[in-house]
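Right, one structure below, let's go through it.
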Amino acid sequence: MNLQPDSIAVAGSGHWMVREQYTTATQGTNIERPEKQYVYNIGIYGWRKRCLYLFVLLLLIILVVNFALTIWILKVMWFSPSGMGHLRVTSEGLRLEGESEFLYPLYAKEIHSRVDDSLLLHSSQNITVNARNSDGHIMGRLTVGPNAIETHGQQFQINSANGKMLFSVDEHEVLVGTDKLRVTGPQGALFEHSVETPLIRADSSKQLRLESPTRSLSIDAPKGVHIKAQAGNIEVLSQQDIKLQSSDGMLVLDAETVRLPKLSLPTPPSDSRRNSGNSQELYEICVCPDGKLYLSVAGYGSTCQEYSRDCQ
(Lines give C-alpha, C1' and ligand atoms only; values in the text may rest on other atoms or scores of the structure.)
Protein backbone atom coordinates (compact mmCIF):
# COMPACT_ATOMS: atom_id res chain seq x y z
CA MET A 1 0.00 0.00 0.00
CA ASN A 2 1.31 3.33 -0.96
CA LEU A 3 0.25 6.61 0.52
CA GLN A 4 0.29 9.50 -1.94
CA PRO A 5 0.14 12.93 -0.43
CA ASP A 6 -2.17 15.55 -1.93
CA SER A 7 -1.75 19.22 -1.06
CA ILE A 8 -4.86 21.17 -0.06
CA ALA A 9 -4.76 24.93 0.70
CA VAL A 10 -6.87 26.06 3.56
CA ALA A 11 -7.46 29.72 4.44
CA GLY A 12 -8.05 30.63 7.97
CA SER A 13 -7.72 33.77 10.06
CA GLY A 14 -6.13 35.64 7.18
CA HIS A 15 -3.30 33.08 6.67
CA TRP A 16 -2.87 30.41 4.12
CA MET A 17 -2.22 26.92 5.51
CA VAL A 18 -1.23 23.93 3.42
CA ARG A 19 -2.52 20.54 4.50
CA GLU A 20 -1.36 17.32 2.93
CA GLN A 21 -3.92 14.64 2.31
CA TYR A 22 -2.84 11.05 1.86
CA THR A 23 -4.71 8.56 -0.34
CA THR A 24 -4.31 4.87 -0.15
CA ALA A 25 -3.47 2.80 -3.17
CA THR A 26 -2.78 -0.89 -3.55
CA GLN A 27 -0.39 -2.43 -5.95
CA GLY A 28 -1.87 -3.32 -9.25
CA THR A 29 -4.54 -0.63 -9.10
CA ASN A 30 -4.31 2.34 -11.40
CA ILE A 31 -5.59 5.44 -9.62
CA GLU A 32 -5.17 8.78 -11.23
CA ARG A 33 -3.66 11.34 -8.98
CA PRO A 34 -5.65 14.56 -8.74
CA GLU A 35 -3.99 17.65 -10.06
CA LYS A 36 -2.88 20.35 -7.68
CA GLN A 37 -5.66 22.98 -7.27
CA TYR A 38 -5.17 26.42 -5.74
CA VAL A 39 -8.19 28.17 -4.12
CA TYR A 40 -8.04 31.95 -3.40
CA ASN A 41 -10.66 33.53 -1.14
CA ILE A 42 -10.96 37.42 -1.38
CA GLY A 43 -12.47 39.45 1.51
CA ILE A 44 -11.92 41.52 4.67
CA TYR A 45 -12.70 39.90 7.91
CA GLY A 46 -12.41 40.72 11.56
CA TRP A 47 -11.69 44.19 12.93
CA ARG A 48 -10.79 45.57 9.49
CA LYS A 49 -14.30 44.86 8.28
CA ARG A 50 -15.82 46.59 11.29
CA CYS A 51 -13.61 49.68 10.78
CA LEU A 52 -14.66 49.87 7.13
CA TYR A 53 -18.34 49.79 8.02
CA LEU A 54 -17.80 52.45 10.68
CA PHE A 55 -15.99 54.73 8.20
CA VAL A 56 -18.76 54.34 5.58
CA LEU A 57 -21.36 55.14 8.24
CA LEU A 58 -19.41 58.26 9.28
CA LEU A 59 -19.22 59.48 5.68
CA LEU A 60 -22.95 58.94 5.28
CA ILE A 61 -23.66 61.00 8.44
CA ILE A 62 -21.42 63.86 7.23
CA LEU A 63 -23.15 63.80 3.86
CA VAL A 64 -26.58 64.06 5.47
CA VAL A 65 -25.47 66.90 7.80
CA ASN A 66 -23.93 68.86 4.92
CA PHE A 67 -27.06 68.44 2.85
CA ALA A 68 -29.22 69.62 5.77
CA LEU A 69 -26.97 72.67 6.39
CA THR A 70 -27.10 73.56 2.70
CA ILE A 71 -30.89 73.46 2.70
CA TRP A 72 -30.98 75.56 5.88
CA ILE A 73 -28.61 78.21 4.47
CA LEU A 74 -30.60 78.43 1.26
CA LYS A 75 -33.79 78.91 3.25
CA VAL A 76 -32.37 81.46 5.70
CA MET A 77 -30.57 83.54 3.03
CA TRP A 78 -33.59 83.36 0.70
CA PHE A 79 -31.61 82.13 -2.26
CA SER A 80 -33.54 82.00 -5.50
CA PRO A 81 -32.70 81.84 -9.22
CA SER A 82 -33.10 85.65 -9.44
CA GLY A 83 -31.01 86.62 -6.41
CA MET A 84 -30.66 86.39 -2.66
CA GLY A 85 -33.24 87.74 -0.23
CA HIS A 86 -34.17 91.34 -1.12
CA LEU A 87 -31.25 91.44 -3.56
CA ARG A 88 -32.31 90.81 -7.13
CA VAL A 89 -30.07 90.49 -10.17
CA THR A 90 -31.63 92.18 -13.19
CA SER A 91 -30.45 93.14 -16.65
CA GLU A 92 -29.82 96.72 -15.45
CA GLY A 93 -27.81 95.71 -12.36
CA LEU A 94 -28.63 94.89 -8.76
CA ARG A 95 -31.95 95.76 -7.15
CA LEU A 96 -32.13 95.90 -3.37
CA GLU A 97 -35.48 96.26 -1.63
CA GLY A 98 -36.04 97.29 1.98
CA GLU A 99 -33.46 98.59 4.44
CA SER A 100 -29.82 97.52 4.11
CA GLU A 101 -26.71 98.04 6.20
CA PHE A 102 -23.24 98.31 4.67
CA LEU A 103 -20.29 97.74 7.00
CA TYR A 104 -17.62 98.55 4.41
CA PRO A 105 -17.33 101.04 1.52
CA LEU A 106 -19.82 100.71 -1.31
CA TYR A 107 -18.61 101.22 -4.88
CA ALA A 108 -21.31 101.89 -7.47
CA LYS A 109 -21.74 103.84 -10.67
CA GLU A 110 -25.35 104.82 -10.00
CA ILE A 111 -27.68 104.55 -6.99
CA HIS A 112 -31.35 105.43 -7.28
CA SER A 113 -34.56 104.55 -5.49
CA ARG A 114 -37.80 103.15 -6.80
CA VAL A 115 -40.10 105.31 -8.85
CA ASP A 116 -42.69 105.60 -6.10
CA ASP A 117 -40.31 105.98 -3.16
CA SER A 118 -37.47 108.20 -1.94
CA LEU A 119 -33.85 107.30 -1.29
CA LEU A 120 -32.80 107.57 2.37
CA LEU A 121 -29.22 107.32 3.66
CA HIS A 122 -28.72 106.90 7.42
CA SER A 123 -25.49 106.84 9.41
CA SER A 124 -24.65 107.13 13.10
CA GLN A 125 -21.53 109.20 12.32
CA ASN A 126 -21.44 110.72 8.84
CA ILE A 127 -22.03 109.94 5.17
CA THR A 128 -19.12 110.50 2.80
CA VAL A 129 -19.31 110.37 -1.00
CA ASN A 130 -15.99 110.35 -2.88
CA ALA A 131 -15.33 110.79 -6.60
CA ARG A 132 -11.99 109.49 -7.90
CA ASN A 133 -10.18 109.90 -11.18
CA SER A 134 -8.59 107.16 -13.27
CA ASP A 135 -5.48 107.21 -11.05
CA GLY A 136 -7.51 106.65 -7.88
CA HIS A 137 -7.04 110.17 -6.49
CA ILE A 138 -10.03 111.83 -4.80
CA MET A 139 -11.20 114.77 -6.92
CA GLY A 140 -14.46 115.51 -5.11
CA ARG A 141 -15.87 114.73 -1.69
CA LEU A 142 -19.22 115.35 -0.02
CA THR A 143 -19.45 114.75 3.73
CA VAL A 144 -22.73 114.98 5.63
CA GLY A 145 -21.98 115.02 9.35
CA PRO A 146 -24.02 115.56 12.51
CA ASN A 147 -22.97 119.23 12.74
CA ALA A 148 -22.03 120.33 9.22
CA ILE A 149 -22.09 119.52 5.52
CA GLU A 150 -18.69 119.79 3.84
CA THR A 151 -17.76 119.56 0.19
CA HIS A 152 -14.28 119.44 -1.30
CA GLY A 153 -13.63 119.98 -4.99
CA GLN A 154 -12.54 122.42 -7.64
CA GLN A 155 -16.08 123.77 -8.13
CA PHE A 156 -19.47 123.50 -6.45
CA GLN A 157 -22.51 124.17 -8.62
CA ILE A 158 -26.28 123.93 -8.18
CA ASN A 159 -28.51 123.74 -11.27
CA SER A 160 -32.26 123.96 -11.68
CA ALA A 161 -34.48 121.27 -13.17
CA ASN A 162 -34.08 122.70 -16.67
CA GLY A 163 -30.29 122.91 -16.37
CA LYS A 164 -29.95 126.61 -15.49
CA MET A 165 -27.09 127.49 -13.17
CA LEU A 166 -28.44 128.76 -9.84
CA PHE A 167 -25.34 128.86 -7.65
CA SER A 168 -21.67 128.28 -8.41
CA VAL A 169 -18.59 128.52 -6.18
CA ASP A 170 -14.89 128.10 -6.92
CA GLU A 171 -11.70 129.44 -5.41
CA HIS A 172 -11.95 132.69 -7.39
CA GLU A 173 -15.60 133.79 -7.26
CA VAL A 174 -19.17 133.03 -6.19
CA LEU A 175 -21.88 133.27 -8.84
CA VAL A 176 -25.62 133.54 -8.20
CA GLY A 177 -27.58 132.79 -11.34
CA THR A 178 -31.07 133.54 -10.03
CA ASP A 179 -32.96 136.69 -10.88
CA LYS A 180 -33.16 137.71 -7.21
CA LEU A 181 -31.03 137.04 -4.11
CA ARG A 182 -32.94 137.61 -0.86
CA VAL A 183 -31.29 137.87 2.56
CA THR A 184 -33.89 137.53 5.34
CA GLY A 185 -31.62 137.52 8.40
CA PRO A 186 -32.11 140.30 10.97
CA GLN A 187 -28.42 141.26 10.71
CA GLY A 188 -28.47 141.34 6.92
CA ALA A 189 -25.50 140.16 4.86
CA LEU A 190 -21.84 140.66 5.78
CA PHE A 191 -19.23 140.92 2.99
CA GLU A 192 -15.53 141.15 3.75
CA HIS A 193 -14.65 142.21 0.20
CA SER A 194 -16.34 143.88 -2.73
CA VAL A 195 -19.77 142.97 -4.07
CA GLU A 196 -20.77 143.43 -7.70
CA THR A 197 -24.48 143.63 -8.46
CA PRO A 198 -26.74 145.71 -10.72
CA LEU A 199 -29.39 146.34 -8.03
CA ILE A 200 -29.66 146.50 -4.25
CA ARG A 201 -33.22 146.76 -3.00
CA ALA A 202 -35.07 146.15 0.25
CA ASP A 203 -38.53 144.66 0.61
CA SER A 204 -41.54 146.94 0.39
CA SER A 205 -41.97 146.93 4.17
CA LYS A 206 -38.30 146.98 5.12
CA GLN A 207 -35.55 149.58 5.23
CA LEU A 208 -32.37 149.38 3.20
CA ARG A 209 -29.22 150.12 5.16
CA LEU A 210 -25.62 150.10 3.91
CA GLU A 211 -23.12 150.24 6.75
CA SER A 212 -19.38 149.92 7.31
CA PRO A 213 -18.81 150.04 11.10
CA THR A 214 -15.02 150.52 11.15
CA ARG A 215 -14.00 151.23 7.55
CA SER A 216 -15.17 153.22 4.56
CA LEU A 217 -18.03 152.39 2.23
CA SER A 218 -17.47 152.89 -1.49
CA ILE A 219 -20.09 152.67 -4.25
CA ASP A 220 -18.65 152.79 -7.78
CA ALA A 221 -20.30 152.55 -11.17
CA PRO A 222 -18.92 153.56 -14.56
CA LYS A 223 -22.24 155.01 -15.79
CA GLY A 224 -23.66 156.43 -12.58
CA VAL A 225 -25.14 155.53 -9.21
CA HIS A 226 -28.89 155.87 -8.79
CA ILE A 227 -30.36 155.97 -5.27
CA LYS A 228 -34.13 156.21 -5.08
CA ALA A 229 -36.70 156.02 -2.29
CA GLN A 230 -40.22 156.00 -3.71
CA ALA A 231 -42.15 156.33 -0.45
CA GLY A 232 -39.65 157.45 2.16
CA ASN A 233 -36.49 159.32 3.02
CA ILE A 234 -32.83 158.80 2.19
CA GLU A 235 -30.53 159.43 5.13
CA VAL A 236 -26.74 159.68 4.99
CA LEU A 237 -25.09 159.72 8.43
CA SER A 238 -21.39 160.13 9.11
CA GLN A 239 -19.22 160.58 12.17
CA GLN A 240 -16.94 162.94 10.31
CA ASP A 241 -17.23 164.42 6.81
CA ILE A 242 -19.56 163.69 3.92
CA LYS A 243 -18.05 164.68 0.59
CA LEU A 244 -19.99 165.12 -2.67
CA GLN A 245 -17.47 165.52 -5.47
CA SER A 246 -17.87 165.72 -9.22
CA SER A 247 -14.68 165.76 -11.24
CA ASP A 248 -16.24 166.75 -14.56
CA GLY A 249 -19.69 168.11 -13.82
CA MET A 250 -21.77 169.92 -11.31
CA LEU A 251 -23.73 169.22 -8.14
CA VAL A 252 -27.47 169.72 -8.54
CA LEU A 253 -29.87 169.90 -5.60
CA ASP A 254 -33.29 169.72 -7.24
CA ALA A 255 -35.99 170.01 -4.57
CA GLU A 256 -38.78 172.31 -3.48
CA THR A 257 -36.99 173.02 -0.22
CA VAL A 258 -33.31 172.75 0.71
CA ARG A 259 -32.68 173.01 4.45
CA LEU A 260 -29.45 173.49 6.33
CA PRO A 261 -30.69 173.54 9.96
CA LYS A 262 -27.25 173.41 11.59
CA LEU A 263 -25.98 176.71 10.18
CA SER A 264 -25.74 179.20 13.01
CA LEU A 265 -27.27 182.63 12.72
CA PRO A 266 -24.83 185.34 11.73
CA THR A 267 -23.39 187.78 14.23
CA PRO A 268 -23.65 191.35 12.93
CA PRO A 269 -20.32 193.12 12.61
CA SER A 270 -19.37 195.73 15.22
CA ASP A 271 -19.02 198.52 12.65
CA SER A 272 -22.30 197.70 10.94
CA ARG A 273 -24.34 200.80 10.21
CA ARG A 274 -27.50 198.92 9.40
CA ASN A 275 -30.02 199.62 12.08
CA SER A 276 -33.00 198.35 10.21
CA GLY A 277 -33.92 194.95 11.58
CA ASN A 278 -34.45 191.93 9.43
CA SER A 279 -38.14 191.57 10.12
CA GLN A 280 -38.61 188.81 7.55
CA GLU A 281 -35.55 186.86 8.76
CA LEU A 282 -34.05 186.51 5.33
CA TYR A 283 -30.47 185.32 5.07
CA GLU A 284 -27.90 184.79 2.38
CA ILE A 285 -25.80 181.64 2.11
CA CYS A 286 -22.15 182.38 1.56
CA VAL A 287 -19.21 180.11 0.83
CA CYS A 288 -15.73 180.45 2.27
CA PRO A 289 -12.62 179.74 0.16
CA ASP A 290 -12.23 176.39 1.91
CA GLY A 291 -15.86 175.43 1.08
CA LYS A 292 -17.41 176.25 4.44
CA LEU A 293 -20.96 177.65 4.36
CA TYR A 294 -22.15 180.49 6.55
CA LEU A 295 -25.12 182.81 6.74
CA SER A 296 -25.28 186.53 6.33
CA VAL A 297 -28.21 188.89 6.75
CA ALA A 298 -29.86 189.45 3.42
CA GLY A 299 -29.86 192.99 2.06
CA TYR A 300 -30.32 194.83 -1.20
CA GLY A 301 -26.93 193.56 -2.24
CA SER A 302 -24.60 190.78 -1.19
CA THR A 303 -23.56 190.96 2.43
CA CYS A 304 -21.13 188.02 2.41
CA GLN A 305 -18.14 190.34 2.62
CA GLU A 306 -19.41 191.96 5.79
CA TYR A 307 -19.80 188.57 7.48
CA SER A 308 -16.68 187.00 6.04
CA ARG A 309 -15.10 186.82 9.48
CA ASP A 310 -17.01 183.57 9.95
CA CYS A 311 -14.53 182.00 7.55
CA GLN A 312 -11.65 182.62 9.97
Side-chain angles (χ1 to χ4, degrees), residues 172-176 178-312:
H172 299 292
E173 61 182 0
V174 178
L175 298 178
V176 180
T178 58
D179 297 335
K180 181 185 297 184
L181 175 62
R182 175 176 293 182
V183 180
T184 59
Q187 300 297 329
L190 176 62
F191 302 97
E192 296 183 358
H193 301 284
S194 61
V195 179
E196 182 178 351
T197 178
L199 176 64
I200 299 177
R201 184 179 63 186
D203 290 339
S204 58
S205 60
K206 303 293 182 179
Q207 296 181 357
L208 177 62
R209 182 177 180 180
L210 303 178
E211 180 181 7
S212 179
T214 59
R215 294 295 185 269
S216 61
L217 178 62
S218 176
I219 302 177
D220 300 329
K223 293 185 179 181
V225 177
H226 181 66
I227 302 175
K228 182 179 181 180
Q230 296 180 354
N233 301 328
I234 296 177
E235 296 182 2
V236 179
L237 303 178
S238 176
Q239 183 68 25
Q240 295 181 1
D241 298 335
I242 296 177
K243 296 181 180 180
L244 301 177
Q245 181 179 359
S246 177
S247 60
D248 192 15
M250 60 181 178
L251 179 61
V252 179
L253 299 178
D254 186 4
E256 295 181 357
T257 303
V258 177
R259 295 181 179 181
L260 300 174
K262 296 296 182 179
L263 291 180
S264 59
L265 296 178
T267 303
S270 58
D271 57 348
S272 177
R273 292 173 293 179
R274 298 184 181 184
N275 297 323
S276 61
N278 190 2
S279 60
Q280 297 182 357
E281 296 184 354
L282 299 178
Y283 300 96
E284 181 181 359
I285 299 177
C286 303
V287 182
C288 298
D290 58 355
K292 180 181 178 181
L293 300 179
Y294 64 95
L295 296 178
S296 65
V297 179
Y300 294 102
S302 177
T303 60
C304 292
Q305 186 66 28
E306 300 178 6
Y307 294 87
S308 61
R309 64 177 183 175
D310 292 338
C311 294
Q312 300 176 358

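In this structure, Cys286 SG and Leu295 CG are separated by 8.0 Å, a value rounded to the nearest 0.5 Å.
In plain terms, the two heavy atoms of Asp290 and Lys292 that are nearest each other are OD1-N, 3.2 Å. Looking at every heavy atom in both residues, Thr303 comes nearest to Ser296 through OG1-OG, 2.9 Å. Taking every heavy atom of both residues into account, Tyr294 and Cys304 meet most closely at OH-O, 3.0 Å.
The environment of Ile285 atom CD1 is sparse: at most 12 non-hydrogen atoms of other residues, nucleotides or ligands sit within 6.0 angstrom.
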